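Report on the following structure.
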Protein chains: 2
Amino acid sequence: MARTQPTSSLRPTIRDVAAQAGVSVSSVSRVLNREPHISPELHARIMRVVDRLGFEPDSAAQALRSRASNTIGCMVSDISNPLYSEMVNAAEEELQRAGYVLMLGATRHAEERETAFISAVRRRRMDGLLLFAGDNTHKDFTSALATLDLPCVGIDREVPGAPSVRADHRSGGFEVTRYLIGLGHRRIALLTGPAAVLPSTERVAGYRQAHVEAGLDVDLDLVRPQVHGSGIAFSDVCQLLQGPAPPTAIITLGTHMLASVMDALASNGIRYPGDISLVCIGDTDLARHATPAISTLTWDLSEIGRIAAKTLLERVRDGDQAQDTRPIYLPTRFILRHSCAEPRAK
Amino acid sequence: MARTQPTSSLRPTIRDVAAQAGVSVSSVSRVLNREPHISPELHARIMRVVDRLGFEPDSAAQALRSRASNTIGCMVSDISNPLYSEMVNAAEEELQRAGYVLMLGATRHAEERETAFISAVRRRRMDGLLLFAGDNTHKDFTSALATLDLPCVGIDREVPGAPSVRADHRSGGFEVTRYLIGLGHRRIALLTGPAAVLPSTERVAGYRQAHVEAGLDVDLDLVRPQVHGSGIAFSDVCQLLQGPAPPTAIITLGTHMLASVMDALASNGIRYPGDISLVCIGDTDLARHATPAISTLTWDLSEIGRIAAKTLLERVRDGDQAQDTRPIYLPTRFILRHSCAEPRAK
DNA sequence: CTCAATCGTGAAAACGTTTCCAAGAACGGC
DNA sequence: GCCGTTCTTGGAAACGTTTTCACGATTGAG
């Protein structure tokens, strides 16, 4: 009873438990951590007191001593992007199931926020890091990440020394482009995310490959990487449509961007699929329910989130063993709807 | 040089900083925490070493000693719901700006996950809690929350003893219903979220009020609270349409649910606004770009997230001072598009 | 029956901060 | 020039765990 004050109304500590159970602090710790070599009686006695007191170990103290916080960082550019939020949702579910908590860091595409988040990850001794698609030209961030020495998994992103889970955007881009070329299109516009983000790069690569295989040249003016958040797609499309050689088909991201594209078509008096063909990337309610419904390239977002979380947890548990950093690819699927047709005879 | 090992390649601690600067540990702490009464020379000397070593204080140790983790919990039923993800996004931005990190807990409407999250909040000594709309009949959760004694803010949710930030769903429901009644509708279906969630309750209240003011009875069969996630809206709408007295107008949530409703209309060969009027709640790309475009009740999601975060931070800083728990209401706005008409003469 | 290994437990030393306490130096009023 | 404040700093005690070390009690092999 040395220094066990009346427990007061404060939260009980492991000391209180030990005192009330008449055992040592280390025994309580061992029971709570399911270590072997514990007599059943001791276990029962301690657990009874734990339940009675409603004891919950303090994570700060645990993290300090054992250097594990049961926390996973999740760096994503924009959580309000439905593509991301669905992946995050699935990942969080998986992490929660394993007893981890997810720390969200939204970077809004600013490198300073990326490096700031890395710092938070380190200071808080997070156990792992989920890195969502982002600009891969951020050098400060890349080097900050390299010094981190922590289990990471990239999602639609390449991370040096870490595995990544990705949709096969290259094949997707290839398939969609080939389909349009097959319909007879020769001028296909591609509106995608910023060039320095993996899915866009890959998509463009697939787009080129389809052209190459068909023996066609690529007009780079038709490839329009979009700056995030800005409604620039609208003016980009207008410019293309009003240019000297307008595209006969458009491939565009399905989230937000599709809406801008539809606006641009409407305000130029152009209708799909009659005047122009339209394909979008990433299925949305809008793509499904637009009239006519829009053909879409899609993939399983939840599955990506789940796999990423599982992969990360494996790495967290195995320490530095797991050195398989090969990317895991998920297939894309092309859903044919009614937004494409052969190009109008000129 | 007592116990300052060669600093090795490990992360430097405050001890290393103190040793290298030739000062005491407490001085370093004071400088880092911007305490008053520090000579400029000392400050400079310490900061130089801090920068050189790249010292970053360990949050676990800080949390343990000072009982503040610079962490805010965020409990939300489903982060992939765009309504929520936009609010979370805005809140996170605000918190990040203030140096806090957001811990995400997705409950997926299960009370056990809610209570589990409360436990995590307590164990991790989080500094505050953002509570998004959820089932208010969960008694275990409510009592767990009550024992928490932590600054909280409810978002579209009532939290005992805490302020809340909400869209004025009651007025919104009232306005939309009155508008439809004004067009001549007498049988208006209302498809909304689960009854025990605040926005739905309020919405239904506004819906009733509009009926009462118009001297109309409410047919409760037309009010259809929807279970989350399930595509039940589809069958609900089919059932209503095929019933003896089908509605002449439908008010529905804009997220996901709207798509199901549109499907149901289509598969029953019913068109809006000719055969039936349609209004949705929560603006989406789909509502804007459907043909015809759908009249929508909307409000500022980002603003709600921002205000909630700011309010919470105030409470976190002021300790138990701030006892103003009055809800903060944000107005809704009704956007008239082309989805409504007078009911067909019978 | 002995000796080494293993079991089960307790005491105490970490972990890296903040904060309390103390003490010398500088300062201002008289 | 003396004395009470106020500055400025250092030393050491927390915070609540886990983990290392130690030690007696069992166990099993020979």
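In this text the structure is predicted, and so the values were computed from the model without any measurement. Throughout, protein chains are lettered first and strands after them, A, B, ... in sequence-line order, and every chain is numbered starting at 1.
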Side-chain donor-acceptor pairs under 3.5 Å in residues 63-70 of chain B, sequence neighbours left out?
unit_1: Ser66(B); atom_1: OG; unit_2: Gln62(B); atom_2: O; d: 2.6
unit_1: Ser69(B); atom_1: OG; unit_2: Arg125(B); atom_2: O; d: 2.7

Side-chain polar contacts of residues 39-51 of chain B - donor-acceptor pairs under 3.5 angstrom, sequence neighbours left out - could you list them?
unit_1: Ser39(B); atom_1: OG; unit_2: Leu42(B); atom_2: N; d: 3.2
unit_1: Arg45(B); atom_1: NH1; unit_2: Ala21(B); atom_2: O; d: 2.5

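When rounded to the nearest whole Å, the span between CD of Glu41(B) and P of dA26(C) equals 12 Å. Atom CZ of Arg125(A) is separated from atom C1' of dT17(D) by 13 Å (rounded to the nearest Å). What separates CD of Gln62(B) from P of dC15(C) is a distance of 17 Å, to the nearest Å. Put simply, CG on Asp58(A) is 17 Å from P on dG16(C), counting in whole angstrom units. The nearest whole Å value for the distance from the CG atom in Leu64(B) to the P atom in dA13(D) is 17 Å. Leu42(B) has its CG atom 11 Å from the C1' atom of dG10(D), to the nearest Å. Rounded to whole Å, atom P of dA14(D) lies 10 Å from atom CZ of Arg15(A). dT18(D) atom C1' lies 13 Å from atom CD1 of Ile38(A), rounded to whole Å.
Checked against side-chain contact (heavy atoms from CB on, under 4.5 Å), Leu198(B) has the following partners two or more places apart in sequence or in another chain: Glu158(B), Arg166(B), Glu202(B). For Arg113(A), the salt bridge (charged side-chain N to carboxylate O under 4.0 Å, His left out) criterion is met by no residue, not counting sequence neighbours.
Looking at residues 28-37 of chain B, you'll see Arg30(B), His37(B) sit with a heavy atom under 4.0 Å from some atom of DNA chain D.
With Gln96(B) as reference, Glu92(B) is the one residue of Glu92(B), Glu93(B), Glu94(B) to meet the side-chain hydrogen bond (donor to acceptor under 3.5 Å, both in side chains) rule.
Across dT9(C), dG10(D), dT18(D), the shortest atom-to-atom separation from the side chain of Ile14(A) is found for dT18(D). The side chain of Val25(A) has dT18(D) as its nearest neighbour among dT18(C), dT18(D), dT17(C). The side chain of Ser27(B) approaches dT9(D) more closely than any other nucleotide in the set dT9(D), dT18(C), dT17(D).
One N or O donor and one acceptor, one from the side chain of Ser26(B) and one from the base of dG11(D), sit under 3.5 Å apart. Taking 3.5 Å as the limit, the base of dT17(D) and the side chain of Arg65(A) contain no donor-acceptor pair of atoms between them.
Looking at Val165(A) and Val153(A), their side chains come closer than 4.5 Å, going by heavy atoms from C-beta outward.
At least one side-chain nitrogen or oxygen of Ser39(B) sits closer than 4.0 Å to the OP1 or OP2 atom of dT9(D). Distances shorter than 4.0 Å separate some side-chain N or O of Ser24(B) from OP1 or OP2 on dG10(D). Within the structure, a side-chain polar atom (N or O) of Arg67(B) is placed less than 4.0 Å from OP1 or OP2 of dG16(D).
For the residue pair Cys152(A) and Ala162(A), the shortest heavy atom distance occurs at O-CB, 3.4 Å.
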Leu32(B) and Phe55(B): side-chain contact (heavy atoms from CB on, under 4.5 Å), yes or no, with the steps?
CA-CA 10 Å; Leu32(B) 259 25; Phe55(B) 169 71; 3.3 Å; yes
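In this structure, Arg123(A) reaches neither bases nor backbone, as no heavy-atom distance under 4.0 Å exists between it and the strands shown. Within 4.0 Å (heavy atoms only), Val23(A) reaches sugar-phosphate atoms of the nucleic acid but no base atom.
Between the side chains of Ser29(A) and Ser26(A), no donor-acceptor pair is found at a separation under 3.5 Å.
Relative to the axis of its first five pairs, the axis of the last five pairs of the helix from dC1(C)-dG30(D) to dC30(C)-dG1(D) sits at 30°, rounded to 10 degrees.
Taken to the nearest 0.5 Å, the CG atom of Leu312(B) stands 13.5 Å off from the CD1 atom of Ile307(B).
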